[in-house]
Number of protein chains: 2
Amino acid sequence: MLTSQRQTIILDLLRRDGQVVAKSVAEEFNLSEDTIRRDLREMSAQGLLKRVHGGALPLSPDLPDFSTRRTVSSEEKRSLGAYAAGMIRPGQTIFLDGGTTTAEIVRHLPRDFAFTIVTHSPTISGELEHHPTAEVILIGGRLYKHSMVATGASAIVAISLVRPDIFFLGVTAVHPAHGLSTGDFEEATIKRHIAQCSVETYVMVTEEKLDTVSPCHVVSLSAISGLIVAASVPDERLKPYRSAGAAILKT
Amino acid sequence: MLTSQRQTIILDLLRRDGQVVAKSVAEEFNLSEDTIRRDLREMSAQGLLKRVHGGALPLSPDLPDFSTRRTVSSEEKRSLGAYAAGMIRPGQTIFLDGGTTTAEIVRHLPRDFAFTIVTHSPTISGELEHHPTAEVILIGGRLYKHSMVATGASAIVAISLVRPDIFFLGVTAVHPAHGLSTGDFEEATIKRHIAQCSVETYVMVTEEKLDTVSPCHVVSLSAISGLIVAASVPDERLKPYRSAGAAILKT
DNA sequence: CCGCCTCATGCAGGAAACTGCCCGAATATG
DNA sequence: CATATTCGGGCAGTTTCCTGCATGAGGCGG
């Protein structure tokens, strides 16, 4: 591996990801961080990138939609979203919960076949405006502004009328004994109801949600079809969940 | 997550929402509030934002609305929106149609008293996320993507259950003889139904819509409470509408 | 072949940056 | 006025950065 070659690759990484982290690049090349840092320093002096603490950023701030897309989604959430979207088959009806985690699914939805998305989140439905093949069913009701989803009796009634093939549930906490929970009572009730109406229910779980509990119980682990977790999560942490009867899907 | 990256994202959030709250940003990034506060302090020192208790605000009081940008709201629409919003009284229930004209009302809604907004447009409801006093009822149904409103039988049923004090109707064409019309048949049906369920119906009309006709009839002029037009429109053009029995409200 | 030079690399140690926690003060809220 | 947040500064632990130095691999002339 030649030095200049390595620097070209670093620039590629920068273009692709919008950032480079000295530590992870060093790991990737199996070199010391010092070497990478030297590279970054040098390239910064040549005006090829902008050096920042921890790594480097491109000189041009980013593509316009890149920043909005990036705002909330971590790499982990992105991989979960892509995996979940990959589970969808032509013609299926999918219920998408509200929240940033499930919103990530929308950005990876297939565009080469037709399916139906049901959601009680105006935010989610808004993101689907320009999707070419998705039929969208919006569930109405009283809008709970904190998480921007429709709630109340009318939402429950409307949900009862659909039978989704898959429900992608979003929660704030997952625990081996206490199951899935969230912060608002009304929301928890709605989520539970959707799960009951759906053939399968999957939960996207970022690592920091594991082994935590929120005030309002949604459903137990045995009631769902599986947890979707990032491949980077160690098996050790997932063991209690397997024991509790939950299927684990790793991205 | 690099520190400098986080700060640019905070600026994005600021542009998008017009404010940032230290606590919620901290949650979003999974970092302590201290760190976010430090960021805000630092950026404030750099003159990138204005630090306030609880979070930060953009320096320029309100740059030409981020949300407005995509709709290119003219001065005319803005004045119509402000006038319509001024008609709302405390405790009333208001039905907002979809479309860019009625969206302009949202931006001028009073913030010093409570009222209820009913809408079948996820876009409209999305804009109300940060409104402090508005209770929002979302009407669900099959999403008609072209104009981003819920349609279909279930929407009709849901609409029947409310009785708004005022319906702000949006149409594409207004004509003295042919009344109000729009481009889609299903949408026209929905609009007619909402008008029937409402105590009063007002239509915001920009000048270029006058004396035009679209394919699908909504209601006749006699069925509505009044047209809202900009003060700049000459009385001469409005005469036929007065003759047809329509009340005219000038901004 | 040998000595010398250059250069990339890794390592050590001190400096700087980042982050979380804590506490007394300042600020909202009712 | 009482209470709850939020703020700012200070402290400690960790990470990242930079400088200087040693090593080792090549290149080159003698």
Side-chain angles (χ1 to χ4, degrees), chain A residues 1-14 17-59 70-72 74-76 145-146 183 206-212 215 232, chain B residues 1-11 13-14 17-59 90 111-114 130-133:
Chain A
M1 169 70 61
L2 282 68
T3 308
S4 56
Q5 202 176 1
R6 188 178 56 237
Q7 298 193 353
T8 315
I9 295 178
I10 291 178
L11 279 181
D12 282 340
L13 288 175
L14 199 54
D17 302 338
Q19 62 168 110
V20 288
V21 179
K23 186 168 187 164
S24 44
V25 173
E27 256 171 44
E28 197 155 311
F29 288 123
N30 258 320
L31 290 170
S32 75
E33 293 177 39
D34 298 70
T35 304
I36 304 302
R37 268 198 284 272
R38 255 185 284 253
D39 285 338
L40 295 181
R41 226 181 303 169
E42 196 173 320
M43 288 192 283
S44 168
Q46 288 173 38
L48 297 174
L49 48 76
K50 185 183 165 205
R51 186 83 172 86
V52 298
H53 196 92
L57 294 174
L59 287 173
R70 199 167 254 280
T71 43
V72 184
S74 63
E75 191 52 51
E76 187 183 12
K145 284 190 198 167
H146 174 65
T206 51
E207 188 167 4
E208 89 275 3
K209 287 178 184 167
L210 287 174
D211 307 330
T212 61
S232 57
Chain B
M1 170 69 60
L2 303 166
T3 307
S4 51
Q5 204 174 16
R6 186 179 58 236
Q7 298 193 355
T8 60
I9 291 176
I10 291 178
L11 280 181
L13 289 174
L14 200 54
D17 302 339
Q19 62 167 105
V20 289
V21 179
K23 186 167 188 166
S24 47
V25 173
E27 255 172 47
E28 206 149 284
F29 288 121
N30 262 319
L31 290 170
S32 75
E33 293 176 42
D34 299 71
T35 304
I36 304 302
R37 267 199 289 273
R38 253 185 286 255
D39 284 338
L40 295 182
R41 238 180 291 171
E42 193 174 323
M43 288 192 284
S44 167
Q46 287 173 37
L48 296 174
L49 48 76
K50 186 184 168 208
R51 187 83 173 84
V52 296
H53 197 92
L57 295 174
L59 284 176
R111 295 174 155 259
D112 50 350
F113 58 81
H130 297 112
H131 192 287
T133 60

State which of dC18(D), dC7(D), dG20(C) makes the closest approach to the side chain of Arg51(B). dC7(D)
Below 3.5 Å between N/O atoms, which protein atoms pair up with nucleotides 24-30 of chain C? Just atom names and distances, please.
none

Is the shortest side-chain heavy-atom distance between Glu27(A) and Glu33(A) below 4.5 Å? no
Nearest atoms (heavy-atom pairs only) where Leu49(A) meets Leu40(A): CD1-O, 3.7 Å
Value in whole Å for how far the P atom of dA17(C) lies from CZ of Arg41(B): 16 Å
Between dA8(C), dT19(C), dG10(C), spot the one nearest the side chain of Thr35(A), thanks. dG10(C)
OP1 or OP2 of dT16(D) under 4.0 Å from side-chain N/O of Lys23(A): yes
From CD of Glu27(B) across to P of dT5(D) the rounded distance in Å is 14 Å
Distance check needed: dC18(C) C1' versus Asn30(B) CG, whole Å only. 17 Å
Any side-chain heavy atom of Phe29(A) within less than 4.5 Å of one from Ile10(A)? yes
Would you kindly give the CG-to-C1' distance between Leu31(B) and dA17(C), to the nearest whole Å? 15 Å
Starting from the 5' end of DNA chain C, give me the residue, Glu42(B) or Asp34(B), whose nearest nucleotide shows up first. Glu42(B)
Look at the side chain of Arg38(A) and the backbone N and O of Glu42(A), then say whether any donor-acceptor pair between them is shorter than 3.5 Å. no
Rounded to whole Å, how long is the line connecting atom CZ of Arg37(A) with atom P of dA17(C)? 14 Å
Main chain of Phe113(B), side chain of Thr133(B): is a donor-acceptor contact present, judged purely on distance under 3.5 Å? yes
Heavy atoms only, 4.0 Å cut-off, all strands: where does Val52(A) land among base, sugar-phosphate and nothing? sugar-phosphate
Side chain to side chain donor-acceptor pair (under 3.5 Å) involving Asp211(A) - partner list, sequence neighbours excluded: Arg237(A), Tyr241(A)
Value in whole Å for how far the P atom of dT16(D) lies from CD of Gln19(A): 13 Å
Residues, nucleotides or ligands: over 12 heavy atoms within 6.0 Å of Lys145(A) NZ: yes
Whole-Å distance between dA17(C) P and Arg6(B) CZ? 15 Å
Any donor-acceptor pair under 3.5 Å joining the side chain of Arg38(B) to the base of dG8(D)? no
OP1 or OP2 of dT16(D) less than 4.0 angstrom from a side-chain nitrogen or oxygen of Thr3(B), does that happen here? no
Grab the CG-C1' distance between Asp39(A) and dC17(D) for me, whole Å please. 15 Å
